[in-house]
Colleague: 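One structure, pasted below without further comment.
To find a chain, count down the sequence lines: A is the first, B the second, and so on, and within it residues start at 1. Worth saying up front: this structure is predicted, and the values here are computed from it rather than measured.
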Amino acid sequence: MDIVNILRDKILNSVDELVEEKKIQKPFNIDNIVVERPKKQHQGDYSTNVAMVLGKALSSNPRDIGELIKSKMGDEDIIDAVSLDGPGFLNIKINLKFWDSLIIEIMSNDKSYGEDRFGRGRKVNLEFVSANPTGPLHLGHVRGAVFGDALARLLEFVGFQVTKEYYVNDGGAQIGILVRTVYYRYLQTLGDDIALPEDSYPGDYLLPVAEKLLDKYGEELKNTEEFERDKIIREFSLEYMMKVIKSDLASLNIEMDNFFSEQTMINSNAIETALSTLKDKGLIYNGIIEAPKGKTHTDWEAREQMLFKSTKFDDDIDRPIKKSDGSWTYFAPDLAYHADKLKRGFDVVIDILGADHSGYVSRLKAVINAFAEKRVEFEVKLVQLVKLIKNEKVLKMSKRAGDYILIQDLLEEVNSDFIRFVMLTRNNDVPLDFDIDLMLSKSKDNPVFYVNYAHARISSVLKRAKELNMWPLSKVEDLEKRTFPLIENELTLVKKLSEWPNVVRQSAKFHEPHRIAFYLNEVASSFHSLYQSSYESGSYRFIVEGAQELCANRLALANSTQIVIRNGLSLLGIVPLDEMY
RNA sequence: GGCCCCGUAGCUCAGCUGGAUAGAGCAACUGACUUCUAAUCAGUAGGUCGUACGUUCGAAUCGUACCGGGGUCACCA
């Protein structure tokens, strides 16, 4: 168990004791009690606001309550001293022995240091990317992809059972466009001097599909009856495109658990089934939506459509299920899809969407509310768009051929780890400027290098120690017998390492993987500082030949640091480097 | 006009969901390489947390109203 939880338990026990002794009343709301690392060193190793929270709940003086709790928290193995400061903070000084033992704990837990169980095995459906299968992935997809993947790793690390899901839009109108475009490309490949029709995908990324189509079918498609031909092209192109997309994802170190086909779902009559459930609940009707206010819609005309009564669940307007010509809107299959997620028994459903879909959120929530039969946690994470910068100009991404930056093209020049790290070093609801030139320059501005450099330095030290037979230690337990007091710089680092389990918990709880990236920077910084201190003083070294005993502790500290960095990077889906190149 | 997101150092961003004297990186300035890898480190300087009210022991954080920027708004996906 990690230090924050240990302290928290001690604090809560103290409160319970005081209640039992009738020195204070039983408080109601104690969720706000936090145990955290204070910013200033003189404020102890950990501090808690318990006295102030209770002061408010019981409406009495925080400092009085603080004194009472303080008296209950003394003489413990891990607590050295408790002081009552400021408006009522309890500042806790941790015993030096504890920090020694933490190093051992990290080393013996290794890959599982920081793991948590608060997910309690609950099933999470995490939907992300879900790009239309009409072309390869481009830069616009990367952020959501990387974010979703990191979140999945994080949630698994804290005990959820995560299904990473990709919704394949293979049932809508855009597939018709895909088929038509591929057919024209096919004709062009055959030598026909023919221009692409108006409504088609202009990029040349469909040319290889046409070529492969030609390899397999020869010229015969030209004479095949249209319905049959479209069917062949459709299947062929979809399979091809999904293969490309999967390989794009793989090159970003992302692997989906499930590809959910819209068309397959439609074929199973899922839409009708879902709608009949909603009908039974009186949530479907035919009606006319009012014209949008504010803006003047010259082409607006009243139409009667089949509508979903999402206003019953706090949506602004009821949403159309069918277009006026009677065909499904995009929303109809998506509604059935979300009903299906619930049917599959997930406890937590998370959608990751681009911020340009923010208007879609309330109707999805309405769907979940309409169908959920048990308590389901539903959240839509919106990732802001990535602004692409090249030659100091913002690049407008459009589906026109030229300014389309494909993931494949990008990865030819840049390591995917860098892309991942940059994307994850930002809260997802702030827009991200992605400077291509900076990225291609492989400069020192590359933030992932800083963390990796710390990792590589440790690898290098351990490798050298191994050559000198100083590492690995014969047994981790050997370390327990030693009592080398950690010096100041070392303590700073160990204390930073002690935060890891809490960082994991908080990131997972709030679905914010960027906290991991920031934390790793802090760990790296703390390590670099310690490492560098030998240049300043000439005295501190991880390896001092002939001083095996002294070095054991230092090497163990380096090793635990590396474990934390490795665990952190692996949650971000980034491969740690043993040496810089 | 409605809804969503953002506004914190010159720039890019954190700020642990209400706590103590608001922090990093880049850029600027001063200093440290005969090494276990200087892609690093130590230090200096830089702030009306968009504005104004409010909630309370206490606000960058919560509420309301404004200001500024971005996104989005039936019969697209």
Colleague: Given a 3.5 Å cut-off on both pairing distances, which stems involving RNA chain B, each at least three consecutive Watson-Crick or G-U pairs, are present, if any?
Modeller: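 Stems found: B:1-7 with B:67-73, B:10-13 with B:23-26, B:28-32 with B:40-44, B:50-54 with B:62-66.
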Colleague: Confirm from the modelled atom types if A:Ser533 and B:A42 form a donor-acceptor pair under 3.5 Å, side chain to base only.
Modeller: no
Colleague: Report yes if a side-chain nitrogen or oxygen of A:Tyr453 is closer than 4.0 Å to either non-bridging phosphate oxygen (OP1 or OP2) of B:A39; otherwise report no.
Modeller: yes
Colleague: Can you name the atoms? Protein N/O to nucleotides 23-25 of chain B N/O, anything below 3.5 Å, with the distance.
Modeller:
{"from": "B:G23", "atom 1": "OP1", "to": "A:Lys40", "atom 2": "NZ", "distance (Å)": "3.1"}

Colleague: Phosphate oxygens OP1/OP2 of B:C76: is one of them under 4.0 Å from a side-chain N or O of A:His357?
Modeller: no
Colleague: Atom CD1 of A:Ile33 to atom P of B:U17: distance rounded to whole Å?
Modeller: 13 Å
Colleague: Would you please confirm or rule out a distance under 4.0 Å between OP1 or OP2 of B:C36 and any side-chain N or O of A:Arg541?
Modeller: yes
Colleague: Assess the side chains of A:Tyr519 and A:Gln506: does a donor N or O sit below 3.5 Å from an acceptor N or O?
Modeller: no
Colleague: Identify every side-chain donor-acceptor pair in residues 427-434 of chain A under 3.5 Å, counting partners at least two apart or on other chains, and give the distances.
Modeller:
{"from": "A:Asn427", "atom 1": "OD1", "to": "A:Asp429", "atom 2": "N", "distance (Å)": "3.3"}
{"from": "A:Asn428", "atom 1": "ND2", "to": "A:Leu382", "atom 2": "O", "distance (Å)": "2.8"}

Colleague: Less than 6.0 angstrom from the centroid, inside 45 degrees of the normal: does A:Arg554 satisfy that with respect to the ring of A:Tyr540?
Modeller: yes
Colleague: Pairs under 3.5 angstrom, nitrogen or oxygen only, protein versus nucleotides 2-5 of chain B, please.
Modeller:
{"from": "B:C5", "atom 1": "O2'", "to": "A:Asp429", "atom 2": "O", "distance (Å)": "2.8"}

Colleague: Using a cut-off of strictly less than 4.0 Å between a heavy atom of the residue and any atom of RNA chain B, enumerate the qualifying residues of residues 500-509 of chain A by number.
Modeller: A:Gln506
Colleague: Expressed as a whole number of angstroms, how long is the span from A:Asn61:CG to B:G58:P?
Modeller: 14 Å
Colleague: Kindly list each side-chain donor-acceptor pair under 3.5 angstrom involving residues 47-55 of chain A, sequence neighbours excluded, with atom names and distances?
Modeller:
{"from": "A:Thr48", "atom 1": "OG1", "to": "A:Val34", "atom 2": "O", "distance (Å)": "3.1"}
{"from": "A:Thr48", "atom 1": "OG1", "to": "A:Val50", "atom 2": "N", "distance (Å)": "3.1"}
{"from": "A:Asn49", "atom 1": "OD1", "to": "A:Val34", "atom 2": "N", "distance (Å)": "2.9"}
{"from": "A:Asn49", "atom 1": "ND2", "to": "A:Asn32", "atom 2": "O", "distance (Å)": "3.3"}

